[in-house]
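Okay, structure first, notes after.
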Amino acid sequence: MGLIIYNTGAVVQVRDEGTAFVSGKDMSHLPVIENGWLLIENDIIAAYGPMDSMPSYSSDISRLDAGGGYVFPSFCDPHTHLVYAGSREKEYTDKIRGLSYEEIARRGGGILNSAKLLHETGEDELFRQSVERVREIISFGTGAVEIKSGYGLTTEDELKMLRVIRRLKHETPLTVRSTFLGAHAIPAEYRNDRKAYIDLIVNEMIPAVASERLADYIDVFCDRGFFTVEETERILTAGIAHGMIPKIHANELAFSGGIQAGVRHGALSVDHLEFTGDEEISVLLGSGTMPTLLPGAAFFLGMSDPPARRMIDSGLPLALASDYNPGSSPSGNMKLVMSLGCIRLRMLPEEVV
């Protein structure tokens, strides 16, 4: 059995040869087939082309008249925190009153607030809440998603989050990748002994995560007020030794050195990047590390946007992600992310796709 979609306005993102990514000026070239058709067999794209080339198919192929609608690939959202308990909408009052992201965190809000809620929530209830968010992002067109831990901040609670992510991978139609983010914040009880918490991540959490094969990637919030470059590199090195590929939260709050640390350790991506200058762009060029922008976070927090136009004009590739989380970016709608890419980041529609 198969499905043929025909009479489309266009089939979008048609590339006859696979490519890992496009960069710089090539991002503005979006190949399409106008008035096209597309055949799906055994859950893969089997054929496509313009309508005047569509062959006849047997009656066991289902037919869908697109009526001039466009056919797009589903969205791949490469940075989310959608496994969480409850929400943090009350903190928006603090933001309206002028408190910064860092000030709210220092008062026990932000990530630490989410960690407290998650600790009090059982695994089955956490899964139930997370499935609702998965259904939501599917309805917006997302087909593949990366999901991070990081609201546990204890070994057992981090494992609880990652087990929920594994259940989502097996029990929902999404393609799911998991990231261990124990280094999301320093818990209050370790505030006066940061090294002890980093020792816990390196010596206990990472081996435990690896023993259950719960994470594809390892991430660190390398930024002002969170983890230093030296701390980040120690954690990433331990993760790499246990088979996890690095990713980094970097330069959201300051020129933190996180981008450079990510490139040095072969990170798959460095994410946020509101603070990106000539040195950071130079380091990223040709590195193989994907700069990933999260315009929803800058929008909801009222922060400066990353210099997307300058990065593209310098020859970099860019990815966009939702950063779906309970506080700083409470939306997994990639259509909103695309709109923010155009309106706030001054990216062309072809570039955001």
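Note that the structure is a prediction, hence the values are computed from the model and not measured.
Within the 4.5 Å cutoff, the side chain of Ile147 has heavy atoms near those of the Val176 side chain.
Proximity of the aromatic rings of His81 and Tyr324 is defined here by a centroid distance below 6.0 angstrom, and this criterion is not met.
Cluster annotation: Val263 is not connected to Ile245 through the hydrophobic network of ILVMFWY side chains, with a link wherever side-chain heavy atoms come within less than 4.5 Å.
The pair Lys116-Glu120 meets the salt-bridge criterion, with a side-chain N (NZ, NE, NH1 or NH2) lying under 4.0 Å from an Asp/Glu carboxylate O. A salt bridge links Glu156 with Arg163: the closest approach of a Lys/Arg side-chain nitrogen to an acidic carboxylate oxygen falls below 4.0 angstrom. Salt bridge annotation for Lys160-Asp124: absent, with no cationic side-chain nitrogen under 4.0 angstrom from a carboxylate oxygen. A salt bridge does not link Glu17 to Arg15: none of the charged nitrogens lies less than 4.0 Å from a carboxylate oxygen. Contact check on Arg234 versus Asp199 returns a salt bridge, with a Lys/Arg side-chain nitrogen under 4.0 Å from an Asp/Glu carboxylate oxygen. The residues Asp219 and Lys247 are annotated as not salt-bridged, no charged nitrogen and carboxylate oxygen being separated by less than 4.0 angstrom. Under a 4.0 Å N-O distance rule, the pair Glu132/Arg128 qualifies as a salt bridge.
A donor-acceptor pair shorter than 3.5 Å cannot be found between the side chains of Asn333 and Ser331. The closest side-chain donor-acceptor pair between Glu204 and Thr155 falls under 3.5 angstrom. A donor atom on one side chain and an acceptor atom on the other are found under 3.5 Å apart for Tyr48 and Asp16. Glu158 and Ser149 form a side-chain donor-acceptor contact under 3.5 Å, judged by distance and modelled atom types alone. Gln260 and Arg264 share no donor-acceptor pair across their side chains, judged by distance under 3.5 Å alone. Side chains of Glu146 and Thr80: no donor on one and acceptor on the other come within 3.5 Å.
Pro246 pairs with exactly one of Thr237, Leu268, Leu236, Ile235 by the side chain to side chain contact (heavy atoms under 4.5 Å, CB included) rule, that one being Leu236. Partner Pro291 forms a side chain to side chain contact (heavy atoms under 4.5 Å, CB included) with one of Ile281, Asp271, Leu284 and no other, that one being Leu284.
Using modelled atom types, one side-chain atom of Ser329 and one backbone atom of Ser322 make a donor-acceptor pair closer than 3.5 Å. At least one donor-acceptor pair under 3.5 Å links the side chain of Ser314 to the backbone N or O of Arg310. Under a 3.5 Å cut-off, the side chain of Ser287 and the backbone N or O of Thr289 do form a donor-acceptor pair.
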Checking Phe227 against Phe221 for the ring-ring contact (aromatic ring centres under 6.0 Å, His included) test, could you report, in this order, the C-alpha distance in whole Å, the side-chain angles of both residues, the deciding distance, and whether it holds? CA-CA 6 Å; Phe227 292 85; Phe221 194 170; 8.0 Å; no
Kindly indicate, with the supporting measurements, whether the criterion side-chain contact (heavy atoms from CB on, under 4.5 Å) is fulfilled by Val12 and Leu30. CA-CA 7 Å; Val12 180; Leu30 181 63; 3.7 Å; yes
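With a 6.0 Å radius and a threshold of 12 heavy atoms from other residues, nucleotides or ligands, Asp60 has its CG atom above the threshold. The environment of CG in Leu3 is crowded: more than 12 heavy-atom neighbours from other residues, nucleotides or ligands sit within 6.0 Å.
To the nearest 0.5 angstrom, Leu126 atom CG is 5.0 Å from Leu118 atom CG.
Taking the six-membered ring for Trp and thresholds of 30 and 60 degrees, His272 and His249 have ring planes inclined between 30 and 60 degrees apart.
Because its NZ or CZ atom is not both nearer than 6.0 Å to the ring centre of Phe299 and within 45° of the ring axis, Arg344 does not count as a cation-pi partner of that residue.
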